[in-house]
Asks: 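Before anything else, here's the structure in question.
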Amino acid sequence: MIDLRSDTVTQPTRAMRAAMAAAEVGDDVFGDDPSVNRLQEKLAEMTGQEAGLFFPSGTQSNLAALMAHCERGEEFIIGSLGHSFKYEAGGAAVLGSLWPCPVEYEANGTLDLNKVAALIKPDDAHFPHTRLMVLENTQNGRVLPLVYLQAATEFARHHGLNIHLDGARVFNASVKLGVPVREITQHFDSVSICLSKGLGCPVGTVLVGKRELIAKAQRARKILGGGMRQAGILAAAGLYALEHHVKRLAEDHANAKKLAEGLVQIKGIQLDLAAVQTNMLFLEIQPQHAQPLAQHLKQADILILPGVRLRLVTHLDVSAADVGRVITAFQGYFASR
Ligand SMILES: *Cc1c(COP(=O)(O)O)cnc(C)c1O
């Protein structure tokens with residue numbers, strides 16, 4: 001099967017499994033797990049932050065970060081397609097008693113800082129306190145420009161806001177820009193980084209930030225049920241991935257580009273080639289093709305999520321040869337319409 005639904009579908013490699021099997025472990029709720037500690041320290045160091053905290057998922061890491069930044073009833077400003085606003089089942093409201101304030105993304109995945117400024121509430125009992133703004137990088141595969149990140153973090157400081165980065169795929173951004181990840185992450189108050197996406201781990205996200213904030217997030221993680229015991233088995237996969245799976249993200253980006261270049265030629269497919277920056281591409285098809293196309297591809301052992309706006313994601317388990325097969329299968333479908 002060539003599975004293009006997400007980069008979360010990767011299988012841990014034999015070498016990653018060997019690293020997991022050999023992991024030194026301890027009870028991480030007591031802070032005793034040497035592999036977890038090593039992973040947290042390593043990511044903190046790489047990102048230019050003080051401390052790290054291992055989580056079972058990115059959803060929980062983002063939520064714990066929001067709960068660490070904001071008190072009950074406080075507000076965070078976030079993109080209206082931002083993961084913590086749209087795809088985390090409203091957890092910030094359900095479990096954190098936090099108030100989200102959504103803003104439309106600009107075409108390049110940034111938030112317009114003038115729009116954000118207009119949404120910061122004055123100190124008035126009618127309004128929640130605005131405490132935090134949240135960016136995402138990559139955002140739908142788009143890389144936020146470094147100059148923008150600098151402007152956004154300065155903006156946040158100027159307005160007395162904290163700034164969190166949902167960096168689920170921040171290593172894709174760093175590889176694409178050809179800069180150490182620290183260049184992207186060091187000025188944020190916190191950054192959430194998924195190991196289970198392009199980096200190919202079975203489980204895990206690390207939240208990095210200031211020591212004091214991470215201590216608060218650790219309490220939130222306990223509340224959310226995310227304190228794990230011999231979690232070093234999982235952290236070992238993360239350590240392995242940081243060593244072996246970061247540079248190779250460039251292959252996923254090249255494969256996405258190649259796939260896009262093949263698909264854009266096909267009559268019946270709308271695709272903006274210039275928007276394909278990392279390991280994701282989006283294309284549009286007519287509604288009548290949504291289900292039959294997915295069926296056709298499935299018969300060719302290719303999995304996609306059916307729809308009129310398709311997201312295809314390349315990853316560790318999609319090779320350059322697979323990309324050729326996918327293009328051929330799409331051509332086969334549209335040739336017969
Ligand atoms: C996947 C993802 C998350 C959440 O990660 P899970 O581990 O699936 O909970 C958060 N933010 C972004 C941008 C993501 O893509």
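Please read all numbers here as calculations on a predicted model, not as lab measurements. Reckoned from all heavy atoms, side chains included, excluding hydrogens, waters and symmetry mates. Order of listing sets the numbers, starting from 1, for every ligand and every atom in it. The chain is numbered in sequence order, starting from 1.
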Asks: Any salt bridge (charged side-chain N to carboxylate O under 4.0 Å, His left out) involving residues 152-170? Give me the pairs, sequence neighbours left out, ordered by first then second residue.
Replies: Asp7-Arg169, Arg157-Asp189
Asks: My understanding is that only one of Asn162, Leu132, Thr130 makes a side chain to side chain contact (heavy atoms under 4.5 Å, CB included) with Cys70; could you say which?
Replies: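 One option only clears the test, and that one is Leu132.
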Asks: Sequence neighbours left out, what passes salt bridge (charged side-chain N to carboxylate O under 4.0 Å, His left out) with Lys42? Give chain and number order.
Replies: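 With neighbours one apart ignored, the set is Glu243.
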Asks: Between ligand 1 and the protein, find all N/O pairs closer than 3.5 Å and give the distance for each.
Replies:
{"residue": "ligand 1", "atom": "7 (O)", "partner": "Gly58", "partner atom": "N", "Å": "2.8"}
{"residue": "ligand 1", "atom": "9 (O)", "partner": "Gly58", "partner atom": "N", "Å": "3.3"}
{"residue": "ligand 1", "atom": "9 (O)", "partner": "Thr59", "partner atom": "N", "Å": "2.8"}
{"residue": "ligand 1", "atom": "9 (O)", "partner": "Thr59", "partner atom": "OG1", "Å": "2.6"}
{"residue": "ligand 1", "atom": "11 (N)", "partner": "Asp166", "partner atom": "OD1", "Å": "3.1"}
{"residue": "ligand 1", "atom": "11 (N)", "partner": "Asp166", "partner atom": "OD2", "Å": "2.6"}
{"residue": "ligand 1", "atom": "15 (O)", "partner": "Arg169", "partner atom": "NH1", "Å": "2.9"}
{"residue": "ligand 1", "atom": "15 (O)", "partner": "Lys197", "partner atom": "NZ", "Å": "2.8"}

Asks: For Lys115, which residues count as a salt bridge (charged side-chain N to carboxylate O under 4.0 Å, His left out) partner, sequence neighbours excluded?
Replies: Glu106
Asks: What I want to check is whether the side chains of Glu88 and His83 have a donor and an acceptor closer together than 3.5 Å.
Replies: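 Side chains of Glu88 and His83: pair found under 3.5 Å.
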Asks: Under a plain distance cut-off of 3.5 Å, with no hydrogens placed, do His164 and Asn62 share a side-chain donor-acceptor pair?
Replies: yes
